[in-house]
Asks: 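Submitted below is the structure of interest, expressed as structure tokens.
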Amino acid sequence: MEPQHSVLEIGPGWGNYTFPLADKVSKLTCVDSSESILNYLQQCMPQEEHVSYIHAKWESLEDDEIEPHDIVLGVNCFYRMYEIKAALYHMNRLAKKRAIIGMTTGPIQPHYEQLYEKYGYDIKFPRRDYIEFLNLLYEMDIYADCQIIPLERVYEYESYEQLVATQSKKNPNDEFSASPCRGITATFYRRKGWTVLLSS
């Protein structure tokens with residue numbers, strides 16, 4: 001994205017991408033179905049005159065409700081939408097240069113893979129929903145450039161017990177034992193002062 005670009009952000013949420021976008025581009029329009037979220041963003045950026053807000057359901061937009069922008073962006077904003085094809089249609093028609101869909105998906109954190117492979121635990125693996133989007137776009141004669149970008153995260157916990165409890169949640173089995181989880185997560189964590197860090 002370049003400073004001269006206009007950007008339309010779908011479902012900005014609490015501003016993970018909104019705030020850096022507002023600092024970078026010449027025009028930013030935020031569309032969200034939640035009035036409280038839009039009010040929050042407005043309160044955080046009261047002086048940003050190049051940022052505007054539209055309270056609407058993205059998939060239910062009228063054709064003349066929003067003007068086209070250079071870039072239309074939606075990251076992890078589709079999980080509450082039922083009419084996905086309509087949402088993709090609006091993205092395509094309103095993007096003058098590029099439409100960007102971002103989705104956080106697998107692979108699962110490595111210690112869960114080891115719990116599954118070594119101990120046979122019933123792990124709730126993440127769905128690869130982006131495949132459904134690619135198929136829908138293909139049906140619409142849109143041939144998307146799908147790129148998988150690796151992300152590294154560091155989680156901080158106040159204690160090792162908190163780490164084990166939190167990092168066991170993808171196992172829905174009531175008979176789950178924390179002992180294997182303790183041994184496996186030990187290879188992924190390190191201590192920083194009184195804080196426990198887990199990299200994935």
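Along the sequence shown, the residues carry numbers beginning at 1.
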Asks: Could you check whether any side-chain N or O of Ser33 sits under 3.5 Å from a backbone N or O of Ala56, counting only pairs where one atom can act as donor and the other as acceptor?
Replies: no
Asks: What is the distance from atom OH of Tyr40 to atom CG of Asp32, rounded to the nearest 0.5 Å?
Replies: 13.0 Å
Asks: What heavy-atom pair brings Ala144 and Leu134 nearest, and what distance separates the two atoms?
Replies: CB-CD2, 3.8 Å
Asks: Is it possible for you to say whether Trp58 and Met103 belong to one hydrophobic cluster, with membership spreading through side-chain heavy-atom contacts below 4.5 Å?
Replies: yes
Asks: Are Val72 and Tyr130 co-members of a hydrophobic cluster defined by side-chain heavy atoms under 4.5 Å apart?
Replies: yes
Asks: If you compare all heavy atoms of Ile54 against all heavy atoms of Leu38, which two are closest, and at what distance to 0.1 Å?
Replies: O-CD1, 3.5 Å
Asks: Throw together a table of side-chain donor-acceptor distances under 3.5 angstrom for residues 77-94, partners on residues two or more places apart or in other chains.
Replies:
| from | atom 1 | to | atom 2 | distance (Å) |
| --- | --- | --- | --- | --- |
| Lys85 | NZ | Glu139 | OE1 | 3.1 |
| His90 | ND1 | Arg93 | NE | 3.0 |
| His90 | ND1 | Arg93 | NH2 | 3.2 |
| His90 | NE2 | Leu61 | O | 3.4 |
| Arg93 | NH1 | Asp63 | O | 3.0 |
| Arg93 | NH2 | Glu62 | O | 3.2 |

Asks: Ignoring hydrogens, what is the shortest heavy-atom contact between Ala22 and Leu28? Give both atom names and the distance.
Replies: N-CD2, 3.9 Å
Asks: Mark yes when over 12 heavy atoms from residues, nucleotides or ligands other than Glu49 sit less than 6.0 Å from its CD; otherwise mark no.
Replies: no
Asks: Let me check something: do Ile100 and Ile148 share a hydrophobic cluster, defined by ILVMFWY side-chain heavy atoms less than 4.5 Å apart, either directly or through other members?
Replies: no
Asks: Should Asn76 and Tyr17 count as side-chain neighbours, where that means a heavy-atom distance under 4.5 Å?
Replies: no
Asks: Applying a strict under-4.5 Å side-chain criterion to I, L, V, M, F, W and Y, I'd like to know whether Leu8 and Val75 cluster together.
Replies: no
Asks: Check Cys30 against Pro12 and note the closest heavy-atom contact, atom names and distance.
Replies: CB-CG, 3.8 Å
Asks: Quick check for you: to the nearest 0.5 Å, what is the distance between Ile10 atom CD1 and Leu73 atom CG?
Replies: 7.5 Å
Asks: Report the distance from atom CG of Asp23 to atom NE2 of His50, rounding to the nearest 0.5 Å.
Replies: 7.0 Å
Asks: Give, for atom CG of Asp129 and atom OG1 of Thr104, the distance between the pair rounded to the nearest 0.5 Å.
Replies: 11.0 Å
Asks: Does some side-chain heavy atom of Tyr53 sit less than 4.5 Å from a side-chain heavy atom of Met45?
Replies: yes
Asks: Please report the interatomic distance NE2(His5) to NZ(Lys97), rounded to the nearest 0.5 Å.
Replies: 5.0 Å
Asks: Can you tell me how far apart CD1 (Ile71) and CE (Met1) are? Round to the nearest 0.5 Å.
Replies: 4.5 Å
Asks: Just to verify, what does Tyr143 make a ring-ring contact (aromatic ring centres under 6.0 Å, His included) with, not counting sequence neighbours?
Replies: Tyr138
Asks: With the 4.5 Å side-chain cut-off for hydrophobic clustering, are Val31 and Val25 part of the same group?
Replies: no
Asks: Would you please name every residue forming a side chain to side chain contact (heavy atoms under 4.5 Å, CB included) with Ser6, sequence neighbours left out?
Replies: Lys27, His69, Asp70
